[in-house]
**Q** 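Pasting in a structure now, in structure tokens, and then I'll have a few things to ask.
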2 protein chains.
Amino acid sequence: MIMKKLTLKDVAKQLGVSTATISNAFNRPDQLSASKRTEILDACKRIGYTGPNRAAQILRKGQSNIVALVLADSLDYMVTDPVANTFIQGVSRVLRENHKHLLLYAGDSESIIDVVDFVDGFICYGAPRNPDLSVQLKQQNKPVVTVDFNLEGSPAINIDNEQASYEIAKAALKPGDKVAILGLRLIESPNTCRIYDSPLLDAESSITHRRLDGYFQALKEVDIKVESDWIWNLPENAGMYAVQAAKEVLSCHPRPNVILCMSDIIALELLQCALSMGIDVPGELRITGFDGIEEAARTRPYMATVCQSSVEKGMQSARLLLSGENKSMSLPYEVRLGETI
Amino acid sequence: MIMKKLTLKDVAKQLGVSTATISNAFNRPDQLSASKRTEILDACKRIGYTGPNRAAQILRKGQSNIVALVLADSLDYMVTDPVANTFIQGVSRVLRENHKHLLLYAGDSESIIDVVDFVDGFICYGAPRNPDLSVQLKQQNKPVVTVDFNLEGSPAINIDNEQASYEIAKAALKPGDKVAILGLRLIESPNTCRIYDSPLLDAESSITHRRLDGYFQALKEVDIKVESDWIWNLPENAGMYAVQAAKEVLSCHPRPNVILCMSDIIALELLQCALSMGIDVPGELRITGFDGIEEAARTRPYMATVCQSSVEKGMQSARLLLSGENKSMSLPYEVRLGETI
DNA sequence: CTGTTAGCGCTTTCAG
DNA sequence: CTGAAAGCGCTAACAG
């Protein structure tokens, strides 16, 4: 039996009360007697009215209980990235507790106008690939929380990428090492390649440039130079690019004996590649990662890396958004020495 | 400069035309001259009107361009599961092409009434942990596509789990083997445990019971019996439970020399555990997985498993939903023998 | 504590 | 091709 969906008005008529009373029964318990309320709610359940239409509520109240999570790039890349999906996990946990829903939004979308009118706010994870989004986000007035980058006027959540990178590099390096760096989104390029003297992408605000700064600081202290033809750029944190870079760097003559990787995904592919070439790690080659994803603890030898809690980041950013406060915060990290250095 | 958001009415007044004309300029190009249209659109851009309010459009048109992806369990579990997130990747790719947005919905939510009024349809990935959702999904009239399970009246996408499991087990087994099974969601239990004679959960519709059927068929053909105290149940496809089960099964005396795992996550943790105990794989212990996640190809030895394309599944299910057709389909899989059997 | 009413911002017939 | 007007279904102020 298919029947037309009941409206609040229909129900009010059927029960012989006003529409306001029905509405109040669902939304504002304090506006009517408890007995009347349960009476109405029971009657609604009986006749099959599940409550006010959400689309109408969204328009009327200007609130949808939907939070948009703007990811740095297309969902295609982001959703399978263990760092990103652990972050999403954290966000979803807090949203759930607060009866909010999660809309995933790609950072390479054309604009946010598709959703800005109805979502309750934005969590922005990494600088969106399409820079227009940052501008639009600044111009609209729904609350925004940014993570791993900054947007004027909005609270941000970060870790100290520079200091963390400095520490892991410092732990890995010895005087006289031959060092290469496998970096991420350092220059504008759709391909895996060495950076040479390409113009740097977003050099002040991007976290990967902070990591680079940290590496350089450590390198300087042990008096090692890394030329720009020994710094690779990966366009995305994906296995495919990592394999390409790993093969390139491992086939250099002379070969580096330390490789600093800006993510665990990169480091893991490099490790896998090195082992299958019969290279001894860490004897002939030391490797460091970044992020502390789970798989990095499952390899043998297990990875030296910087562990940051993406779950915690996700939870904090969701809490921050829901609280409405404008307080940026820096989260802790932990350097894990592992067996690869 | 913060200003009140413009409405279509405001704009109509400012430009000295009727509201319908503005609306048509944005939504129905055929309803007015091309020149008038561009004139209006330009004017809108100039005065900062980005188009009709989406919340109002949703109410009025009954269409939001949002698709809800109902996952089997809480997002907490699902989003970091490589099988699930590869599926999400496929879905998102197709939605993107069609300018639809993705709302993630937990399968352990109380109900779908929070969103049913405004989403355009549901993709349901695995039987929702809360069985009420299945009922509600059946009762409402937005389009639904199910994946890895069936819902009366809605098209479904599956692979032949029983046949696939039969094949991988058949490849792994030799007469006289001592076999254990690490299963998934076979019984109702929040813990890792042996199933003994607990009542089976959802035995007709669940894919993991189909996998069990496939294993048993293969076992029967080589005349091997597996008692219910050598069948483990994991409540979720998560590393934590897998480690528990791996330790339990590997500390049995006598120890099984073949372990059939219902997912790669389980198989990988088992492998890792076995290797760290000094057990030779596949010499002393053969292992099979299921799913064909990427990490299963990166281990040494690399995993024998059933590869199914979750991306493809995701893409097909999104296409199916958007097409509105009611055609169920079965997708192919591939048995990869690997080095663990 | 209950009922009436004016919109939220838009789309879409229907006359002109 | 354009404009006037009736809602989509609901909420919240206000009067009773």
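Convention: sequence-line order gives letters A, B, ...; per-chain numbering from 1.
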**Q** Take atom NZ of K13(A) and atom C1' of dT4(C), then tell me their distance rounded to the nearest Å.
**A**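 Taking NZ of K13(A) and C1' of dT4(C), I get 15 Å after rounding.
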**Q** Filter on ring pair (Phe, Tyr, Trp, His ring centres under 6.0 Å), then keep only pairs touching residues 118-159 of chain A, sequence neighbours left out; what's left?
**A**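 Only F87(A)-Y125(A) qualify under ring pair (Phe, Tyr, Trp, His ring centres under 6.0 Å).
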**Q** In whole angstrom, what separates L59(A)'s CG from dT11(C)'s C1'?
**A**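 The distance from CG of L59(A) to C1' of dT11(C) comes to 13 Å, rounded to the nearest Å.
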**Q** List for me each residue that meets salt bridge (Lys or Arg N to Asp or Glu O under 4.0 Å) alongside E312(B), sequence neighbours excluded, and say none if there are none.
**A**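 Applying salt bridge (Lys or Arg N to Asp or Glu O under 4.0 Å) to E312(B) gives none.
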**Q** Donor-acceptor pairs under 3.5 Å, side chain of residues 40-53 of chain A to any protein atom, not counting sequence neighbours: which ones?
**A**
unit_1 : atom_1 : unit_2 : atom_2 : d
Y49(A) : OH     : G51(A) : O      : 3.4
N53(A) : OD1    : A55(A) : N      : 2.7
N53(A) : OD1    : A56(A) : N      : 3.0

**Q** Is the closest side-chain donor-acceptor distance between N65(B) and H99(B) under 3.5 Å?
**A**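 Note: N65(B) and H99(B) side chains miss the donor-acceptor criterion.
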**Q** Rounding to a whole Å, what distance do you find between L8(A):CG and dC10(D):P?
**A**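 Rounded to the whole Å, the gap is 5 Å.
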**Q** Tell me which pairs pass salt bridge (Lys or Arg N to Asp or Glu O under 4.0 Å) where either residue lies in residues 23-39 of chain B, with sequence neighbours left out.
**A**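 As it turns out, there is no salt bridge (Lys or Arg N to Asp or Glu O under 4.0 Å) pair with a partner in residues 23-39 of chain B once direct neighbours are skipped.
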**Q** CG of D120(A) to NZ of K100(A): how many Å apart, nearest 0.5 Å?
**A**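 One gets 5.0 Å once the value is rounded to the nearest 0.5 Å.
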**Q** Please work out which residues in residues 15-27 of chain A have a non-hydrogen atom less than 4.0 Å from an atom of DNA chain C and list them by number.
**A**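 Under 4.0 Å from DNA chain C: V17(A), S18(A), T19(A), A20(A), T21(A).
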**Q** Could you state the NZ-C1' distance from K9(B) to dG3(D), rounded to the nearest angstrom?
**A**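 Result: 14 Å.
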**Q** When the axes are fitted on five pairs at both termini, how much does the helix from dC1(C)-dG16(D) to dG16(C)-dC1(D) curve, in 10° steps?
**A**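 So the angle between the two local helix axes works out to 40°.
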**Q** Has R28(B) got a side-chain N or O lying under 4.0 Å from the OP1 or OP2 atom of dT12(C)?
**A**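 Yes, R28(B) has a side-chain N/O under 4.0 Å of OP1/OP2 on dT12(C).
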**Q** Could you list the residues that satisfy side-chain contact (heavy atoms from CB on, under 4.5 Å) with T38(B), not counting sequence neighbours?
**A**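 Per chain and number, T38(B) pairs via side-chain contact (heavy atoms from CB on, under 4.5 Å) with no residue.
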**Q** Can you list the residues that meet the side-chain hydrogen bond (donor to acceptor under 3.5 Å, both in side chains) rule with R319(B), with sequence neighbours excluded?
**A**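 If we apply the side-chain hydrogen bond (donor to acceptor under 3.5 Å, both in side chains) test to R319(B), skipping adjacent residues, there are no hits.
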**Q** Ignoring backbone atoms, test whether Q57(A) places a side-chain nitrogen or oxygen under 4.0 Å from the OP1 or OP2 oxygen of dT11(D).
**A**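 Result: yes.
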**Q** Output all residues satisfying salt bridge (Lys or Arg N to Asp or Glu O under 4.0 Å) with D108(A), sequence neighbours left out; order by chain, then residue number.
**A**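 Checked D108(A) against salt bridge (Lys or Arg N to Asp or Glu O under 4.0 Å); matches are R96(B).
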**Q** Quick one: salt bridge (Lys or Arg N to Asp or Glu O under 4.0 Å) partners of E97(B), sequence neighbours excluded?
**A**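 Partners of E97(B) by the salt bridge (Lys or Arg N to Asp or Glu O under 4.0 Å) criterion come out as none, since no residue qualifies.
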**Q** Send over the distance from R60(A) CZ to dT5(C) C1', rounded to a whole Å.
**A**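 It is 11 Å, rounded to the nearest whole Å.
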**Q** Give a yes/no on whether any side-chain N or O of Y49(A) is located under 4.0 angstrom from OP1 or OP2 of dC10(D).
**A**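 Checking Y49(A) against dC10(D): at least one side-chain N or O falls below 4.0 Å of OP1 or OP2.
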**Q** Take the protein atom CD of Q63(A) and the nucleotide atom C1' of dC10(D), then report the distance between them rounded to whole Å.
**A**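 Rounding to the nearest Å, CD of Q63(A) and C1' of dC10(D) are 14 Å apart.
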**Q** Expressed as a whole number of angstroms, how long is the span from R54(B):CZ to dC8(C):C1'?
**A**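 So the CZ-C1' distance, R54(B) to dC8(C), works out to 17 Å.
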**Q** Heavy-atom contacts under 4.0 Å between residues 29-43 of chain A and DNA chain C, which residues?
**A**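 Contacting residues: D30(A), Q31(A), L32(A), S33(A), K36(A).
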**Q** Donor-acceptor pairs are to be reported for all side-chain atoms of residues 67-80 of chain A against protein atoms at under 3.5 Å, with residues two or more places apart or in another chain.
**A**
unit_1 : atom_1 : unit_2  : atom_2 : d
D73(A) : OD1    : R129(A) : NE     : 3.4
D73(A) : OD2    : R129(A) : NE     : 2.6
D73(A) : OD2    : R129(A) : NH2    : 3.2
D76(A) : OD1    : Q89(B)  : NE2    : 3.0
D76(A) : OD1    : R93(B)  : NE     : 3.3
D76(A) : OD1    : R93(B)  : NH2    : 2.9
D76(A) : OD2    : R93(B)  : NE     : 2.7
Y77(A) : OH     : Y241(A) : OH     : 3.1

